[in-house]
Amino acid sequence: MSKERTTPLSAEQPRVGELERIGLDGRDAIMIGVEAPGFDDLSAREKRFAYLMTRAAIAGNAIAFQQSHRDADDIVRLLEACFAHAEELDPAIRDALHEYLKLVWIHHGQYHHHTHGKFTPPRLTPAMLLTAARRAASRGAALPLHSGESVDTLLARLHRTIFDVEYEPVQTNQSAGVDIVATSAVNYYDPGVTKSEVDALAEWRERVNVRFAVRDGRVVPEVFRIGGVFGPELETVSHFVRLALPHAESDEQRAALGALLDFYATGDERHFREHMIHWLQSDTRVDYLNGFIESYLDPRGVIAQFEGNASFRAGGGLIERIAASAPYFEAKMPWPDAYKRTDVSRPVATIVNVLVETGDAGPVSPAAYNLPNYNDIRRDHGSKNVILHNVENTRAEGLEQAVVHEFFLPEYRDPVLALLHSLVRPLKVYLHEIIGHGSGRPDPALGAMDPRARLGRVYSALEEARADLVALYHVGDPKMVEIGAYDDTMRDVVVETAFISYLQGWVSRMDRVEGLEVREAHDRGHHAILMWLVRGGERRRDYGVEVVSIDGDYFVRVTDTDRAHEGVGELLSRLQVIKSTGDADAAHRIFDEFGTHLDPAWKANITARREKLKLPKLKAFVFPHLTPVVRDGEIVDVRLAYDEDLTAQQLRFRRLEHSREIAEGA
Ligand SMILES: [Zn+2]
């Protein structure tokens, strides 16, 4: 039996922490099992609600595959069918198949979650896949055959999509000077649809839940709703939302779920906006996320990918004190007063443990989120900040030590190891999410025009850079000492650690960029900040940051944190003015100059060092396994176990995808 097969484990061996590494030399991903301490303390009602919302999340997971690429859902179902009948295959074929299947699960298709670049199977060959598929077909497996297709024609249809890295190489193309819609492989647009054709559909082009198809030679919008695109999935999602609704914790949460059901039933985005208003105002012990939320996959930055989660509150303290200081930080922002919020209400900020994340949110997970993305709702109703404590806190300690030792100059190593995980990273995450994204206001001259629409493809990168800059700008503020974040004597080392870990942290991850062009929004933000500080901004000043070469290896050095702080303030002010005035030209200029092009020598060096250490390029997560205890059709308790790896978890999600039964296998 292959070492990668799932074996049941006893309760004494919980599957938490590092579980496995995937890909050649284990470098494509590290899987980490997430714990959810405190779940057992929830009331029966809270557990029931949480469980039902995990099912609503699981029921939508398949949507993310369908959105990723027109063939991604067929690919994952083909691989799963082959894997289900793989026992008697040559172990080399079985392992190669399993490896590619794991990567497809993690990324919801054949494009990298972060870079949007295509990957092909590390070891699986077309001949191996054909052998496995024929075997599966002969055992009666349900393959994703189109009408009239045989196993061989199915594989021929998918051949280039799976094995040819040059074929549709980019899922989300935001490069300058190209038709970003026509050159993006994401399945939000049928092949051949152009950006001007989408732009011409004024009534539809700003909608989060619509894709653009070609019917009888015309481009037509198709809405994500029950009875429309993703109808079967949204019906099952809605089924579990309806079951959860009576167990909601507050009227606000009930109203949110009611609006969500209306949204899925009608596809009318006004209901989703209404949902987000109730959702952001519901400050409950058990929370969820469900819907079409982030638009990173859309080259236009509009259409959103499905994601779902369920979570429960896990402590507070520092985060609440930072949230309470929001008006103070807003007043101290380095940009003109005209673009500061004067009505800063205390943001809702919570630390949670997540129970499951699907679609855009998992197995690759954010550390936190700040929603909604609708800027007018944020302005009029505020936002909710959620930090994913258990995801953020899972550690692979050996990995961390190796990275710090290899990539940080000796003088930074001890402080980074001592402070990054315990203090500096949480502080930066809190400031980024709670103070950063929620800050600033548009120029009144912009009227109701959303800056997102004005700035187009560069908006997400600008917004992530802005939030990172806010964190770097305020991390050393005297307020931090006042609210007990750290002791006054630690201020300098905290600030230095914040800057060096941010800048060196990005440099040491540069290998994850495909080619030399940075595409992912957060990465573009990191790169813009690094290069702005290294080059001294547009005026080429000295901001006390340099990239040095020592024995051919590149390192970041911060020679003067005061100057670095000044450079951060200058870029932050620039970006806020750009956002407030919707100055798309200036945004493009800054990101094209500072946030796009990698130095080939730096990238080659970082890549070689990561290869030498066999460092994984991506972290992904396995969530706890929840099992309801059902009596007389009612959930009376929910048991939580850590007994799954990625494979067991994804196969369970598949078994449950259209199931309406409360208990698995019922
Ligand atoms: Zn962010």
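The side-chain contact (heavy atoms from CB on, under 4.5 Å) check on Ala620 picks up Met31, Ile106, Pro363, Val364, with sequence neighbours excluded. The salt bridge (Lys or Arg N to Asp or Glu O under 4.0 Å) search around Asp360 returns none, not counting sequence neighbours.
Within the structure, side chain to side chain donor-acceptor pair (under 3.5 Å) contacts touching residues 183-193 (residues at least two apart or in different chains) are Asn173-Thr183, Asn187-Arg211, Tyr189-Asp298, Tyr189-Arg300, Asp190-Arg211.
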**Request:** Kindly indicate, with the supporting measurements, whether the criterion ring-ring contact (aromatic ring centres under 6.0 Å, His included) is fulfilled by His112 and Phe119.
**Result:** CA-CA 7 Å; His112 193 283; Phe119 64 87; 7.3 Å; no
**Prompt:** Checking side-chain contact (heavy atoms from CB on, under 4.5 Å) for the pair Leu155/Leu78: CA distance, chi angles, key distance, verdict?
**Reply:** CA-CA 9 Å; Leu155 265 65; Leu78 167 66; 4.0 Å; yes
**Request:** Would you sort out whether Tyr111 and His69 count as a ring-ring contact (aromatic ring centres under 6.0 Å, His included), showing the intermediate values?
**Result:** CA-CA 8 Å; Tyr111 293 91; His69 183 271; 5.8 Å; yes
**Item:** Asp73 vs Arg77, salt bridge (Lys or Arg N to Asp or Glu O under 4.0 Å): CA-CA, chis, key distance, verdict
**Value:** CA-CA 6 Å; Asp73 195 61; Arg77 287 173 199 274; 2.8 Å; yes
**Item:** Asp583/Val577 under side-chain contact (heavy atoms from CB on, under 4.5 Å): CA gap, chis, key distance, verdict
**Value:** CA-CA 8 Å; Asp583 187 349; Val577 172; over 6 Å; no
**Request:** Please report the C-alpha distance between Val470 and Ser439 in whole Å, then the side-chain angles of each, then the deciding distance to 0.1 Å, and finally whether the side-chain contact (heavy atoms from CB on, under 4.5 Å) criterion is met.
**Result:** CA-CA 9 Å; Val470 166; Ser439 64; 4.2 Å; yes
**Prompt:** Which is it for Asn375 and Arg379 under the side-chain contact (heavy atoms from CB on, under 4.5 Å) test, yes or no, and what are the steps along the way?
**Reply:** CA-CA 6 Å; Asn375 272 302; Arg379 183 190 63 217; over 6 Å; no
**Request:** Evaluate the criterion salt bridge (Lys or Arg N to Asp or Glu O under 4.0 Å) for residue pair Asp523 and Arg509; output intermediate values, then yes/no.
**Result:** CA-CA 9 Å; Asp523 289 350; Arg509 290 194 305 274; 5.2 Å; no
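Judged by distance alone, the side chains of Glu307 and Thr358 never bring a donor and an acceptor atom under 3.5 Å apart. Trp105 and Glu80 share a donor-acceptor pair across their side chains, judged by distance under 3.5 Å alone. Of the N and O atoms on the side chains of Asn373 and Arg378, not one donor lies less than 3.5 Å from an acceptor on the other residue. For the residue pair Gln110 and Thr120, no side-chain donor N or O sits within less than 3.5 Å of a side-chain acceptor on the partner. Residues Tyr339 and Asp443 have side chains that bring a donor and an acceptor to within less than 3.5 angstrom of each other. One side chain, Arg457 or His588, offers a donor N or O that lies under 3.5 Å from an acceptor on the other. Under the 3.5 Å distance criterion, with hydrogens and angles disregarded, a donor-acceptor pair is assigned to the side chains of Glu357 and Ser365. Under the 3.5 Å distance criterion, with hydrogens and angles disregarded, a donor-acceptor pair is assigned to the side chains of Thr194 and Glu197. Between the side chains of Gln576 and Arg466, a donor-acceptor pair is found at a separation under 3.5 Å.
Salt bridge present: Glu657 and Arg654 bring a charged side-chain N and a carboxylate O closer than 4.0 Å. We find that Arg524 and Glu517 are not joined by a salt bridge, their nearest charged nitrogen and carboxylate oxygen being 4.0 Å or further apart. At a threshold of 4.0 Å, the pair Lys118-Glu166 does not count as salt-bridged, since none of the basic side-chain nitrogens sits closer than that to a carboxylate oxygen. Ion pairing of Arg218 with Asp216 is absent here, as no side-chain N (NZ or NE/NH1/NH2) approaches a carboxylate O to less than 4.0 Å. A salt bridge between Arg157 and Asp74 is present, with a side-chain N of the basic residue lying under 4.0 Å from a carboxylate O of the acidic one. A salt bridge is absent between Lys102 and Asp28: the closest approach of a Lys/Arg side-chain nitrogen to an acidic carboxylate oxygen does not fall below 4.0 angstrom. Note on Lys384 versus Asp287: salt bridge recorded, some NZ/NE/NH1/NH2 to OD/OE distance being below 4.0 Å.
Within a 6.0 Å radius of NZ in Lys195, other residues, nucleotides and ligands contribute 12 heavy atoms or fewer.
Of all heavy-atom pairs between Gly382 and Leu280, the closest is O-CD2, 3.4 Å. Minimum heavy-atom separation, Gly359 to His108: O-CE1, 2.8 Å. Residue Ile529 comes nearest to Ala465 through the heavy atom pair CD1-O, 3.7 Å, listed as atom of the first residue, atom of the second, then distance. A pairwise comparison of heavy atoms in Thr115 and Val513 identifies CG2-CA, 4.2 Å as the closest pair. Heavy atoms only, all atoms of each residue included: Arg225 and Thr266 are closest at CD-O, 3.2 Å. Here the closest heavy-atom approach between residue Ala81 and residue Ala142 is recorded as CB-O, 3.9 Å.
Gln649 has its side chain out of reach of Phe621: every pair of non-hydrogen atoms, C-beta onward, lies at least 4.5 Å apart.
The distance from the OG1 atom of Thr236 to the CG atom of Leu656 is 11.0 Å, given to the nearest 0.5 Å.
His275 has its ring centre no less than 6.0 Å from the ring centre of Phe263. You'll find the ring centres of His432 and His437 inside the 6.0 Å limit. Under the 6.0 Å cut-off for aromatic ring centres, His522 and Tyr296 qualify, their centroids lying closer than that. Between His98 and Phe83, the ring center distance clears the sub-6.0 Å criterion. His107 has its ring centre no less than 6.0 Å from the ring centre of His113.
Shown are Tyr264, Phe292, Phe272, Phe306; of these, the ring pair (Phe, Tyr, Trp, His ring centres under 6.0 Å) with Phe224 is made only by Phe292.
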